[in-house]
Chemist: 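For reference, the structure I am asking about is given below.
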Amino acid sequence: PQGRAFTFLVGDDTLDPCTYPTLDQRYALATLYYATQGDDWIDKTGWLVEKDECTWAKVTCNPSLQVANLTLQNNELNGTLPEELRVLQALALLDVSANYLTGTIPAGLNGLPSSITSFHCARNQIGGSIPDAIGNLTALKELVVSSVGYMVRLPYSETCTGALSY
């Protein structure tokens, strides 16, 4: 998926990668698209087109054109969450619940911004342990991880044990 996202940015995309102000988040979203079979999504309106990524379906940006919310629940995502999502530094809500995601929560998601308040990945085939460093996300209020057939372990962190609901 990373190679396809790179090819999109430097070959297929008509925007200039040398001057595009949010190239890193455009790359992260393109990687997510390819890693989760975006061509088969229910709503992929606007994804991987010339317009800025803030106009893509299920993407909400703040006034600075940084991705603030990704609400991709129940959208036929199939694959794994790429670690490239960590570059979305204004992300507050990531909802990928009720899809066909597999694997584990990538350790690279530990780099999610401290501003993230909600992460929903329930009703997928994601298993294993939640990366320990997710406890460092002090603004995290919702972590929804239930999955049929998998047991997840919530890491202990003194910074979030009182505030987190799961």
Chemist: Any ring-ring contact (aromatic ring centres under 6.0 Å, His included) pairs touching residues 63-97, not counting sequence neighbours?
Modeler: none
Chemist: With side chain to side chain contact (heavy atoms under 4.5 Å, CB included) as the criterion, how do T60 and V67 come out once you've worked through the C-alpha distance, each side chain's angles and the decisive distance to 0.1 Å?
Modeler: CA-CA 6 Å; T60 306; V67 174; over 6 Å; no
Chemist: Does the side chain of L70 reach to within under 4.5 Å of the side chain of L93, using non-hydrogen atoms?
Modeler: no
Chemist: What I'd like to find out is whether the side chain of N69 reaches to under 4.5 Å of the side chain of V59, using heavy atoms alone.
Modeler: no
Chemist: To the nearest 0.5 Å, what is the distance between CG (N75) and OG1 (T36)?
Modeler: 8.5 Å
Chemist: Mind jotting down which residue pairs meet the ring-ring contact (aromatic ring centres under 6.0 Å, His included) criterion with at least one end in residues 52-91? Sequence neighbours excluded, please.
Modeler: W47-W56
Chemist: CG of L48 to CZ of F8: how many Å apart, nearest 0.5 Å?
Modeler: 4.5 Å
Chemist: Quick one: salt bridge (Lys or Arg N to Asp or Glu O under 4.0 Å) pairs with a partner in residues 25-38, sequence neighbours left out?
Modeler: D13-R26, R26-E53
Chemist: Which heavy atom in V87 sits nearest to a heavy atom in A28, and how many Å separate them?
Modeler: CG2-CB, 3.4 Å
Chemist: For S64, check side chain to side chain contact (heavy atoms under 4.5 Å, CB included) against everything at least two apart and list the hits.
Modeler: N62, Q66
Chemist: Grab the two heavy atoms, one from L140 and one from E142, that are nearest each other, plus how far apart they are.
Modeler: CD1-O, 3.4 Å
Chemist: Taking only residues two or more places apart in sequence, or in another chain, which ones meet T45 in a side chain to side chain donor-acceptor pair (under 3.5 Å)?
Modeler: D43
Chemist: Output every pair passing salt bridge (Lys or Arg N to Asp or Glu O under 4.0 Å) with a member in residues 58-72, not counting sequence neighbours, ordered by first then second residue.
Modeler: none
Chemist: Measuring only between side-chain heavy atoms, which start at C-beta, is L91 closer than 4.5 Å to I116?
Modeler: yes
Chemist: Within a strict 4.5 Å, meaning less than it, do heavy atoms of the N74 and N99 side chains meet?
Modeler: no
Chemist: Provide the closest heavy-atom pair for L94 versus L85 in the form atom of the first, atom of the second, distance.
Modeler: CD2-CD1, 4.3 Å
Chemist: Distance from C121 atom SG to L77 atom CG, nearest 0.5 Å?
Modeler: 12.0 Å
Chemist: Return each pair, listed once, that meets ring-ring contact (aromatic ring centres under 6.0 Å, His included) where at least one residue sits in residues 62-102; pairs must be two or more places apart or across chains.
Modeler: none
Chemist: According to side chain to side chain contact (heavy atoms under 4.5 Å, CB included), who are the partners of T117, at least two apart in sequence or on a separate chain?
Modeler: A92, A139
Chemist: Kindly indicate, with the supporting measurements, whether the criterion side chain to side chain contact (heavy atoms under 4.5 Å, CB included) is fulfilled by T22 and D52.
Modeler: CA-CA 9 Å; T22 56; D52 71 76; 5.8 Å; no
Chemist: Considering residues at least two apart in sequence or located in another chain, which fulfil the side chain to side chain contact (heavy atoms under 4.5 Å, CB included) criterion with L65?
Modeler: C54
Chemist: Using side chain to side chain contact (heavy atoms under 4.5 Å, CB included), reason through L101 and T80 one step at a time and then give a plain yes or no.
Modeler: CA-CA 5 Å; L101 297 173; T80 59; over 6 Å; no
Chemist: Can you tell me if D40 uses its side chain to pair, donor with acceptor, with the backbone of G38 under 3.5 Å?
Modeler: no
Chemist: For A5, enumerate each residue passing the side chain to side chain contact (heavy atoms under 4.5 Å, CB included) test, keeping only those at least two apart in sequence or located in another chain.
Modeler: Y27, A30, T31, Y34
Chemist: Say whether, by atom type as modelled, one donor and one acceptor occur between the side chain of R86 and the main chain of E83 under 3.5 angstrom.
Modeler: yes
Chemist: Is there side-chain contact between W41 and N78, with heavy atoms separated by less than 4.5 Å?
Modeler: no
Chemist: Salt bridge (charged side-chain N to carboxylate O under 4.0 Å, His left out) with E84: which residues, sequence neighbours excluded?
Modeler: none
Chemist: Listed by chain and number, what are the side chain to side chain donor-acceptor pair (under 3.5 Å) partners of D95, not counting sequence neighbours?
Modeler: S97
Chemist: Side chains of L9 and Y20, heavy atoms from C-beta outward: is any pair under 4.5 Å?
Modeler: no
Chemist: Side chains of L88 and Q25: closer than 4.5 Å at any heavy-atom pair?
Modeler: yes
Chemist: If you measure from CD on Q37 to NZ on K44, what distance do you get to the nearest 0.5 Å?
Modeler: 11.5 Å
